[in-house]
Protein chains: 2
Amino acid sequence: MRPRSVTLLDVARAAGVSRATVARVINGDGYVGEETRSRVEAAVQATGYRPNVVARGLRTQRSYTIGHIVLEIGANPFFTHVVRAVEGEALANGYKTFLFNHKGNTADERLAVESFIERRVDAVIFTYAQDAANIALLRAAAMPVVQIERQRTGDTSAVLVDNPAGVRMAMRHLIGLGHRRIAFIGGDPALYPHARIQPRSIEEERLDTYRDCLREAGIDPDPDLVRLGRYIKLGADGSDSEGYRHTRDLLALAERPTALFVGTDMLATGALQALYEARLRVPDDIALVGFDDTLAPHLAPKLTSVAQPMAELGLTAFQLALAAIEDPRSAPRVVTLAPHLVVRQSTAPPSGSTRPADPPAREGEIASRQTV
Amino acid sequence: MRPRSVTLLDVARAAGVSRATVARVINGDGYVGEETRSRVEAAVQATGYRPNVVARGLRTQRSYTIGHIVLEIGANPFFTHVVRAVEGEALANGYKTFLFNHKGNTADERLAVESFIERRVDAVIFTYAQDAANIALLRAAAMPVVQIERQRTGDTSAVLVDNPAGVRMAMRHLIGLGHRRIAFIGGDPALYPHARIQPRSIEEERLDTYRDCLREAGIDPDPDLVRLGRYIKLGADGSDSEGYRHTRDLLALAERPTALFVGTDMLATGALQALYEARLRVPDDIALVGFDDTLAPHLAPKLTSVAQPMAELGLTAFQLALAAIEDPRSAPRVVTLAPHLVVRQSTAPPSGSTRPADPPAREGEIASRQTV
DNA sequence: TTGTAAGCGTTATCAC
DNA sequence: GTGATAACGCTTACAA
């Protein structure tokens with residue numbers, strides 16, 4: 001057994017006062033005489049006293065701890081950044097965060113929920129909630145819940161992202177550069193069924209917006225250029241196989257796309273691998289736009305990407321949680337945040353876009369394709 | 001105030017027994033009559049009772065929680081993987097993990113230590129410990145400590161990595177392929193001063209081994225090919241500037257290296273960006289080996305990299321922590337784990353290595369450069 | 001086999 | 001201003 005740690009009583013004895021007085025000094029409230037205060041402070045120093053937050057929580061019915069249930073922090077840096085943001089804001093407000101990865105597994109998510117109830121966390125944040133039943137469990141225990149990015153049920157606060165806006169920025173950027181054959185590699189709406197509370201799932205929103213933007217530019221969407229699947233589908237070594245496969249297929253098309261728009265930066269890594277193999281240069285031979293802005297600055301070339309507001313997502317989620325903790329009867333709030341486009345090196349006008357009939361253009365085209 | 005949650009007393013009333021009996025059923029120990037047991041179990045179901053782990057911890061002086069103090073989980077996927085491994089093993093043993101990122105900041109690390117003491121975690125794991133004084137604080141509070149990868153003090157358990165073995169595998173691989181001008185981009189020993197308890201810092205071990213391997217192969221180390229700095233030095237957009245800069249400098253050399261060995265996969269991202277800009281192909285024009293095996297499978301081309309045993313690092317660290325929790329008087333243990341080399345697409349013989357004078361060799365040379 | 005009661009380290013409500 | 005004292009929800013001798 002560990003040696004008993006220093007308690008209020010120890011400090012009280014050392015200072016020759018009662019525990020109540022020590023508590024008043026520690027918590028800085030109530031009337032304490034000047035001389036007594038300094039004596040107590042000296043005793044705290046001398047004994048090396050640290051308040052026992054566990055005991056305090058038992059008494060105050062507040063743990064100053066929140067739970068954060070995440071899909072899988074290792075699957076995508078997006079989660080790492082959101083987790084960090086939640087943690088940072090929590091810390092700034094005197095809270096600590098428990099993390100739990102459910103790996104898309106409803107049973108694991110339930111385990112997470114139960115363990116958080118048992119530890120009496122003050123609120124739970126989901127990125128993302130898997131099963132509405134698990135949210136219900138928390139609500140039955142009267143715990144505030146905040147959902148990040150994907151809203152599974154409508155009875156809790158949530159922080160969402162304006163996905164159509166993100167897609168629109170990327171598409172306008174590409175179309176503005178002169179691209180007309182723009183491929184889309186993203187999540188299959190059929191694989192990500194949406195909760196009834198939303199008219200469209202994120203996948204539907206993105207795909208619809210992609211097509212809308214093309215039509216607005218007078219381009220007829222080519223079904224051959226749309227490749228859907230899972231966002232997260234890793235190869236045995238952790239690499240992205242989905243983006244790689246789709247990109248290879250697109251390159252084999254009789255009429256190749258001049259630009260690729262992919263649903264996550266992770267998919268972009270697979271796309272870049274396929275392009276590298278095919279000895280195609282980005283953006284010279286083909287342009288590439290990612291989504292999330294996580295791996296984007298680390299890739300070669302640095303990727304143009306739709307940046308998710310990851311820091312704000314986490315910060316806002318904690319703030320909503322805190323509001324619900326402090327006023328449990330307050331109505332749930334839904335906040336929608338805007339993404340923004342970060343333009344880097346992976347986008348440029350399509351090759352041959354500068355007057356293709358001109359003889360010098362051929363020269364330029366070769367130069368732009370050169371890989372060595 | 002939140003509605004009071006269901007307690008043992010509520011269950012006891014519902015079942016018509018005492019709280020002690022309910023506790024016995026919950027914890028599955030002590031004698032309980034068959035009929036009583038089922039009545040209690042029914043009452044637990046009916047009331048939706050969840051034990052309050054906070055209260056239990058107060059009574060048993062065990063929180064079933066550990067603290068994990070990390071340099072910065074967002075800085076390198078290495079940390080994410082170690083964190084996940086610790087968390088997974090903790091969970092499997094009924095523990096939860098508090099995370100704290102100190103960002104290389106001693107004051108923040110101290111905050112972490114204090115908050116963990118206040119929360120009475122059962123043990124603390126460091127990846128990496130920044131300041132010996134903070135470890136001392138924990139030891140004064142009689143908390144078991146485990147250090148991962150870097151050992152700051154000798155009085156706690158630790159899990160280390162055999163760095164020389166990792167460097168040796170990479171160097172032998174490159175030398176075996178025929179490379180003789182191998183550049184080294186890594187941590188500057190002067191920037192990472194080591195604790196007195198180790199004869200050499202990790203940086204010194206790596207650099208020494210790099211040189212030893214060259215000499216063993218009869219190659220005189222060229223100081224021009226050694227570029228030292230910080231491992232982690234991110235640009236404003238999160239990209240790696242250090243690997244980029246060093247690689248550009250190396251490429252400007254009169255006699256270019258034929259291979260690059262970099263100290264982290266993060267540095268490799270910068271190197272790849274410089275190579276891409278210079279329109280050099282990997283491994284055709286230059287070979288590249290990373291360290292950590294984190295981003296390696298995501299890069300184009302997929303990187304050959306020295307894999308750190310991240311999962312084992314975390315798992316072992318928790319096991320050592322658990323051993324210390326269960327027997328506080330047991331002696332600290334130091335475990336050293338072996339890395340391994342993962343060969344992927346970024347390494348090949350130097351260009352022109354297959355009998356450069358022979359005409360058919362040119363054909364073969366091209367084949368060996370082919371990546372598709 | 002079950003119940004009683006003390007105590008874990010706080011905070012909070014009273015008196016004094 | 002300060003000190004008793006009763007919770008908070010649980011575990012665990014010890015009694016019955």
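First the proteins, then the strands, lettered A, B, ... as listed; each starts at 1.
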Options dG3(D), dC8(D), dT2(C), nucleotide nearest the side-chain atoms of Val32(B): dT2(C)

Closest nucleotide among dG7(C), dT5(D), dG9(C) to the Leu58(B) side chain: dG9(C)

Would you mind reading off the distance between [X] atom [atom1] and [N] atom [atom2], rounded to a whole angstrom?
| X | N | atom1 | atom2 | answer |
| --- | --- | --- | --- | --- |
| Arg13(A) | dG9(C) | CZ | P | 11 Å |
| Glu118(B) | dT11(C) | CD | C1' | 16 Å |
| Ile117(B) | dT10(C) | CD1 | C1' | 18 Å |
| Asn27(B) | dG9(D) | CG | C1' | 13 Å |
| Ile26(A) | dA12(C) | CD1 | P | 14 Å |
| Arg59(A) | dC8(D) | CZ | P | 7 Å |
| Arg120(A) | dC10(D) | CZ | C1' | 11 Å |
| Leu9(A) | dG3(D) | CG | P | 13 Å |

Closest-nucleotide 5' rank along DNA chain C - winner of Gly16(B) and Arg19(B): Gly16(B)

Which residue lies more 5' along DNA chain C, comparing Leu8(A) with Tyr31(B) via nearest heavy atoms: Tyr31(B)

Presence of [X] side-chain N/O under 4.0 Å of [N] phosphate oxygens OP1/OP2:
| X | N | answer |
| --- | --- | --- |
| Thr36(A) | dT2(D) | yes |
| Ser18(A) | dG3(D) | yes |
| Arg56(A) | dT11(C) | yes |
| Gln61(B) | dG7(C) | no |
| Asn52(B) | dC8(D) | no |
| Tyr49(B) | dC10(D) | yes |
| Thr60(A) | dT11(C) | no |

What contact category does [X] fall into here, base, sugar-phosphate, or nothing, at under 4.0 angstrom with non-hydrogen atoms?
| X | answer |
| --- | --- |
| Val17(B) | sugar-phosphate |
| Arg37(A) | nothing |
| Val54(A) | nothing |

Measure from the side-chain N and O atoms of [X] to the backbone N and O of [Y], and report whether any donor-acceptor pair falls under 3.5 Å.
| X | Y | answer |
| --- | --- | --- |
| Asp327(B) | Ala323(B) | no |
| Arg152(A) | Ala132(A) | no |
| Asn27(A) | Asp29(A) | no |

Base dG3(D) to side chain Arg24(A), donor-acceptor N/O within 3.5 Å cut-off: yes

Tyr128(A) ring center near Phe79(A) ring center (under 6.0 Å): yes

salt_bridge(Arg84(B), Glu72(A)) N-O dist < 4.0 Å: yes

Arg119(A) NZ/CZ over Phe116(A) ring centroid, <6.0 Å and within 45° of normal: no

